[in-house]
Participant: 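Input: one structure, supplied below.
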Amino acid sequence: MIDCKVMLKKILIGLAVFILVVLYYGYATPRLEAEDYPQIAAESALVMEKQTGAVLWEKNSQQSMYPASTTKMLTAIIAIESLTDLSQLAEISENAAGRNHSAFSFKQGDKVSVLDLIKASLICSHNNATIALAEHISGSEKDFVETMNIKARHIGAYDTFFQNTNGLDSDYPYHRTTARDLAIIAKYCLNNPLFAQIVNTEEDIITIGENEVEINNTNHLLQLNHIKGIKTGFTANAGYCIVTYSDSAKLDLITVILNSTSDSREEDAVTLINYVERNYGFAQVVDQNLKVDTVDTGGLTKTKIDLYPGRSYYQFVNSSEDDIDFKYSVNHNIVLPVSKNQNLGNLEVYINGQFVEEIPLVSTEAVEGPNIEQHLVSTRPDTNKKVMFFAIGFYFLVFIFIIVKNLFFKTKFYV
């Protein structure tokens, strides 16, 4: 008879063990807690790895936004690339005179070197300095802006349309870009050593006519050792914006923050930089030394060919989130000869279900023809086999004879 108390006790013990196992593996398994995921005030943001252009984190990164003074990155790089002599003097026009929401004013007729105008544009975010640059290089700000938009498309910032050189937008409702495009522009600009040097300058002195003026960088994050630039921005429409470049032992990052608050702009940038630094790493996703498959040439020869990736592939991955998967296809109608490194298939790499790379599958060795194995069979009588069969037959007959003898001449013994 079943003891109900004993059975109930066993059920309760088993349930307790099950709960303990679930709790242990639930907490022991590494996972990204909700509070670890970066929470930022910015409406739009993006983090890009500078060398590869890989996007490691984003929020509304392709949403059309006002860029404010981050516009000046493109203005400055065009000015740097347009002139070989940056020491030449530009004369301040009536249009470029005045303060125009800048730290100090220009006077009509002032003469300022192109280099100092670039510094004023990038370091202290001087709005009239960009107008002076545009007029000196292109004759008018309108023509210069046209060059800016052509340049944006040329470098891959396809969702950017600028209407002026400084980012003031109260009268320019279509002066828009995206966080992704600003990262692309910043990446391009930072490849220029002079640009990279200027945006990493905390303070400098420029000359206006006979007067020297001290300028200070609006990017206060430069006080952090790993922050190397590059541009801040603010308008009532754009909110508080910043594009930063951080250079650490692990990663080189371009971080874009758009439409944040005065208290959160820098904090948002640092939060995203720290998050990506903690969670991302450069990993070998595909190893060209690891065999993917073995195929044969078909037919009677069945020559086998090992397939390897044509190259290794590295990518930035989030170890706690990213799911890496592979799909491959091979050519099963291979015709010999096969040359070394001949493309015989393709390997596709997917991260989080998104296709990221295609790599050829190749033969690492040349195969000139099929491997033929020849088996020779002698047609002459095999003496050894005959002797063996004769011996087996002889002993079989002796065995039968003994059995028959015992049956017919059986001797009975009595005790």
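Just so we're clear, the structure is a prediction, and the values are computed from it rather than from any experiment. Every heavy atom of this structure was used, including side-chain atoms; hydrogens, water molecules and symmetry mates were not.
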Participant: Here's a test for you: under side-chain contact (heavy atoms from CB on, under 4.5 Å), which of V47, I227, L224, L251 qualifies with I273?
Facilitator: I227
Participant: What I'd like to find out is whether the side chain of T160 reaches to under 4.5 Å of the side chain of T178, using heavy atoms alone.
Facilitator: no
Participant: Do you know which two heavy atoms are closest between L222 and T201, and how far apart they sit?
Facilitator: CD1-O, 3.9 Å
Participant: For atom CD of Q354, decide whether the heavy atoms of other residues, nucleotides or ligands shown that lie under 6.0 angstrom number more than 12.
Facilitator: no
Participant: What distance separates I198 CD1 from I230 CD1, expressed to the nearest 0.5 Å?
Facilitator: 12.5 Å
Participant: So Y66 and R176, do their side chains get closer than 4.5 Å, heavy atoms only?
Facilitator: yes
Participant: Counting distance only, does the side-chain N/O of D268 pair as donor-acceptor with the main-chain N or O of I40 below 3.5 Å?
Facilitator: no
Participant: Taking all heavy atoms of N127 and all of H101, pick out the closest pair and write down the distance.
Facilitator: ND2-O, 3.4 Å
Participant: Could you work out, with salt bridge (Lys or Arg N to Asp or Glu O under 4.0 Å) as the rule, every residue matching E81, not counting sequence neighbours?
Facilitator: K151
Participant: Any side-chain heavy atom of K231 within less than 4.5 Å of one from N219?
Facilitator: no
Participant: Under a 3.5 Å distance rule, please check whether N60 uses its side chain to pair with a backbone N or O of Q63 as donor and acceptor.
Facilitator: no
Participant: Honestly, is R99 close enough over F104, meaning NZ or CZ under 6.0 Å from the six-membered ring centre and within 45° of the axis?
Facilitator: no
Participant: Step by step, would you call V367 with I334 a side chain to side chain contact (heavy atoms under 4.5 Å, CB included)?
Facilitator: CA-CA 11 Å; V367 181; I334 300 172; over 6 Å; no
Participant: I need the single residue from T71, T75, L133 that forms a side-chain contact (heavy atoms from CB on, under 4.5 Å) with S121. Which is it?
Facilitator: L133
Participant: G233 and R265: which non-hydrogen atoms are nearest, and at how many Å?
Facilitator: O-NH1, 3.1 Å
Participant: Can you see which heavy atom on N346 is nearest to which on E358, and at what distance?
Facilitator: OD1-OE1, 3.9 Å
Participant: Should D204 and K119 count as an ion pair when the cut-off is N to O under 4.0 Å?
Facilitator: yes
Participant: Given 3.5 Å as the limit, does a donor-acceptor pair link the side chain of D116 with the main chain of T207, or not?
Facilitator: yes
Participant: Can you confirm whether D322 sits close enough to Y280 that some side-chain heavy atom of one is under 4.5 Å from a side-chain heavy atom of the other?
Facilitator: yes
Participant: Do N149 and F161 come within less than 4.5 Å of each other through their side chains, counting heavy atoms only?
Facilitator: yes
Participant: Test I118 against L194 for side chain to side chain contact (heavy atoms under 4.5 Å, CB included), laying out the working first.
Facilitator: CA-CA 10 Å; I118 294 171; L194 177 60; 5.6 Å; no
Participant: Does CZ in F355 sit with more than 12 non-hydrogen atoms of other residues, nucleotides or ligands closer than 6.0 Å?
Facilitator: yes
Participant: Provide the full list of side chain to side chain donor-acceptor pair (under 3.5 Å) pairs with a residue in residues 82-97, sequence neighbours left out, each pair given once.
Facilitator: D85-S87, Q88-H136, S93-E135, N95-E135
Participant: Count the heavy atoms belonging to other residues, nucleotides or ligands that lie under 6.0 Å from NZ of K250, then report whether that count exceeds 12.
Facilitator: yes
Participant: Is the count of non-hydrogen atoms from other residues, nucleotides or ligands lying under 6.0 Å from Q51 atom CD greater than 12?
Facilitator: yes
Participant: Does the side chain of M48 reach to within under 4.5 Å of the side chain of I184, using non-hydrogen atoms?
Facilitator: yes
Participant: Flag the pair V292 / V330 as yes when at least one side-chain heavy-atom distance between them is below 4.5 Å, and no otherwise.
Facilitator: no
Participant: Has the side chain of D252 got a donor or acceptor atom that lies under 3.5 Å from a matching backbone atom of D247?
Facilitator: no
Participant: Show the numbers, then the answer: is there a side chain to side chain contact (heavy atoms under 4.5 Å, CB included) between Y275 and N318?
Facilitator: CA-CA 10 Å; Y275 168 77; N318 186 331; 3.4 Å; yes
Participant: Could you pull out all residues at least two apart from D159 that satisfy side chain to side chain donor-acceptor pair (under 3.5 Å)?
Facilitator: none
Participant: Walk me through whether S125 and T218 qualify under side-chain hydrogen bond (donor to acceptor under 3.5 Å, both in side chains).
Facilitator: CA-CA 7 Å; S125 201; T218 57; 5.2 Å; no
Participant: Under 3.5 Å, is there a donor-acceptor pair between the side chain of Q284 and the main chain of D287?
Facilitator: no
Participant: Assess whether atom CD of E146 is packed by more than 12 heavy atoms of other residues, nucleotides or ligands within 6.0 Å.
Facilitator: no
Participant: Contact between V286 and Q288 at the side-chain level, heavy atoms closer than 4.5 Å - yes or no?
Facilitator: no
Participant: Tell me which one of T255, V276, L253, L46 satisfies side-chain contact (heavy atoms from CB on, under 4.5 Å) with W57.
Facilitator: V276
Participant: Specify the closest pair of heavy atoms between L344 and S363, including all atoms of both residues, with the distance to one decimal.
Facilitator: CD1-CB, 3.9 Å
Participant: If you compare all heavy atoms of K59 against all heavy atoms of E43, which two are closest, and at what distance to 0.1 Å?
Facilitator: CE-O, 3.8 Å
